[in-house]
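All remarks here apply to the structure that follows.
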There are 2 protein chains.
Amino acid sequence: MHTVSTYSPDAAISARSASLGRSDASLRAAPQRAFAKGTEVFGEGEPSTFFYKVVSGTVRTVKLLSDGRRQIDGFYMPGDWFGLENGQSHRVTAEAVDQVLVIPYRRGDLGSLLKADPALIEALVESTLVNLDRAHEHMMLLGRKTALERMASFLMELAARMDVRDRLRLPMQRSDIADHLGLTIETVSRTVMQMVRAGLIKLDDSGRTVILADRKGLELLGA
Amino acid sequence: MHTVSTYSPDAAISARSASLGRSDASLRAAPQRAFAKGTEVFGEGEPSTFFYKVVSGTVRTVKLLSDGRRQIDGFYMPGDWFGLENGQSHRVTAEAVDQVLVIPYRRGDLGSLLKADPALIEALVESTLVNLDRAHEHMMLLGRKTALERMASFLMELAARMDVRDRLRLPMQRSDIADHLGLTIETVSRTVMQMVRAGLIKLDDSGRTVILADRKGLELLGA
DNA sequence: CGCATTCTTGACCCAACTCAATATAAGTGG
DNA sequence: CCACTTATATTGAGTTGGGTCAAGAATGCG
């Protein structure tokens, strides 16, 4: 069970859906669906009948190589959309990182989507462009940053997205962080410990709660 | 000047704009603009007044770190759109890899774009989703593939996008490939030579024309 | 033809990986 | 609530793929 954290999913939702104009009900397939930790929301190759908006919890999108190497393209948190992709089938797998609540939307084809609800579309296009922006930023991280810089960037981005000042509860485990940052769990662990020793962060209980002790230093490392 | 290659920009354009329905003229800012090799189409931080469609040539989008480390997010070729981003300013720099011809489109805000030309929007949304797909695929490459696998993936993707069977003229130099694949020029060079020795590819003239001698082998490496 | 780019090759190095062992936390059933 | 089990995280020792530094070799432009 999670301890109570400073992060409030509900606050994040209302903040993010402000631009939506409350017209999104028309395409909803169901009020919401729950997924237990570790379960699959949809799988790579499955027909992309739905896309989703996160209500609470964290979703990861995963790609696998034939030999098991794994890349986590992104994490999706309350207010984020995921699963809207080009083509008839999903190109990634989406899994619940912890207990997750999502709202499914029926995709149909893009053309009819456009006619059905222009206000929703505007929000969706914006969300897709935000996702693309994050992807570009992440390519810089994966292609050109050191382990320490990757970890700093990751923590700062997470803090910004969760809208927390300095107490950050990580929903995902080290292996997820590793597969997101293009590192191994050992390197993630060593890098986190190195940050603790350098006074950049502090760790709580099981290492899942991070206190950003030196935001300026982290910012400098990440950029 | 380029030698005549098997790649036909015009064929690519007509193939890709089939879904567009020829209604895109309404938002065009100008018939077309030319950019010389190495020049900037737009810079990071500049207001994103326009986005573009490539007519001929190749465009790269670039991100820089303060110390000069460079990441090339993507290459854009005839028929591809680039420069449509979230927010008021460009988050990447776009440069001409060779002699380039583009059509600029006035962005305005997304809402009015939506009303102005639904057919264009549909094509644009699709193009953005394609770009996102490529970004996800590229993250797997950057996060988890070896130098040899990266090079194989890169060549196969380029061949597919240029719609060539096995003679591929690379528009970009080694340093561009390196900064796209998260490697150094030396490693790119060594990897290419290794592929030649292994009989996977053959090199022509200056090393800019690649013959895919063993597509099956390359495919196996890339996937 | 000559100069500047671009590309290749070699020798050496190091950041991150692999393999291996604990250590710590989180369940789970009695 | 506690013993037992399993999952997750940390730490250490040794290795390596790709980086760095430094020459050369092509290529091609003016």
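Below, read A as the first sequence line, B as the second, and so on, with proteins coming before strands; counting in each chain starts at 1.
- Between the CG atom of B:Leu181 and the P atom of D:dG18 there is a distance of 12 Å, given to the nearest Å.
- Here A:Gln88 pairs with nothing under the side chain to side chain contact (heavy atoms under 4.5 Å, CB included) rule; sequence neighbours left out.
- Considering only residues two or more places apart in sequence or on other chains, A:Phe75 meets the ring-ring contact (aromatic ring centres under 6.0 Å, His included) condition with A:His180.
- More than 12 non-hydrogen atoms from other residues, nucleotides or ligands lie less than 6.0 angstrom from CZ of B:Arg208.
- Expressed to the nearest 0.5 Å, how far CZ of A:Arg107 lies from CZ of A:Phe50 amounts to 13.0 Å.
- A donor-acceptor pair under 3.5 Å is absent between the side-chain atoms of A:Gln194 and the main chain of A:Leu148, judged by distance alone.
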Atom pairs under 3.5 Å, N or O on each side, protein against nucleotides 24-27 of chain D: can you list them with distances?
residue	atom	partner	partner atom	Å
D:dT27	OP1	B:Asp205	O	3.4

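- Listed by first and then second residue, the side chain to side chain donor-acceptor pair (under 3.5 Å) pairs that reach into residues 38-52 of chain B come to none, sequence neighbours excluded.
- No engagement by B:Gly38 is indicated, since no non-hydrogen atom pair under 4.0 Å with the nucleic acid exists.
- At the phosphate of D:dA7, neither OP1 nor OP2 sits under 4.0 Å from any side-chain N or O atom of A:Arg174.
- Listed here is the closest heavy atom pair of B:Ala178 and B:Thr184: CB-C, 3.5 Å.
- When rounded to the nearest whole Å, the span between CG of B:Asp179 and C1' of D:dG19 equals 14 Å.
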Is there any protein nitrogen or oxygen under 3.5 Å from a nitrogen or oxygen in nucleotides 9-11 of chain C, and what are the pairs?
residue	atom	partner	partner atom	Å
C:dG10	N7	B:Arg190	NH1	2.9
C:dG10	O6	B:Arg190	NH2	3.4

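- Rounded to an integer number of Å, the gap from CE of A:Met172 to C1' of D:dA7 is 18 Å.
- In this structure, the side chain to side chain contact (heavy atoms under 4.5 Å, CB included) partners of A:Leu132, at least two apart in sequence or on a different chain, are A:His136, B:Thr128, B:Asn131, B:Leu132, B:Ala135.
- Rounded to whole angstrom, the span from the CZ atom of B:Arg70 across to the P atom of D:dG19 amounts to 15 Å.
- The overall bend of the helix from C:dC1-D:dG30 to C:dG30-D:dC1, read as the angle between its terminal helix axes built from five base pairs each, is 50° when rounded to 10 degrees.
- Residue pairs meeting the side chain to side chain donor-acceptor pair (under 3.5 Å) criterion with at least one member in residues 139-158 of chain A, sequence neighbours excluded, are A:Arg144-B:Asp179, A:Lys145-A:Ser153, A:Thr146-A:Glu149, A:Glu149-B:Arg69, A:Glu157-A:Arg161.
- When all heavy atoms of B:Asp98 and B:Pro171 are compared, the pair lying nearest together is OD2-CB, 3.5 Å.
- Residue B:Ile201 forms a side chain to side chain contact (heavy atoms under 4.5 Å, CB included) with just one option from B:Asp214, B:Ile211, B:Val192, B:Leu168, and that option is B:Val192.
- DNA chain C lies under 4.0 Å from no heavy atom of any residue of residues 139-154 of chain B.
- Taking atom CG of B:Asp176 as the reference point, atom P of C:dT5 lies 16 Å away to the nearest angstrom.
- A search for side chain to side chain contact (heavy atoms under 4.5 Å, CB included) contacts involving A:Leu64 returns A:Val62, A:Arg70, not counting sequence neighbours.
- Atom NZ of B:Lys37 and atom P of D:dG28 are 10 Å apart (whole Å).
- For B:Asp204, the salt bridge (Lys or Arg N to Asp or Glu O under 4.0 Å) test picks out B:Arg167, with sequence neighbours left out.
- Note: CD1 (B:Ile201) to C1' (C:dT8) measures 14 Å, nearest angstrom.
- Applying the salt bridge (Lys or Arg N to Asp or Glu O under 4.0 Å) rule to A:Arg60 yields the partners A:Glu95, A:Asp176; only residues at least two apart in sequence or on another chain are considered.
- For A:Leu203 and D:dA9, the CG to P distance is 11 Å, given to the nearest whole Å.
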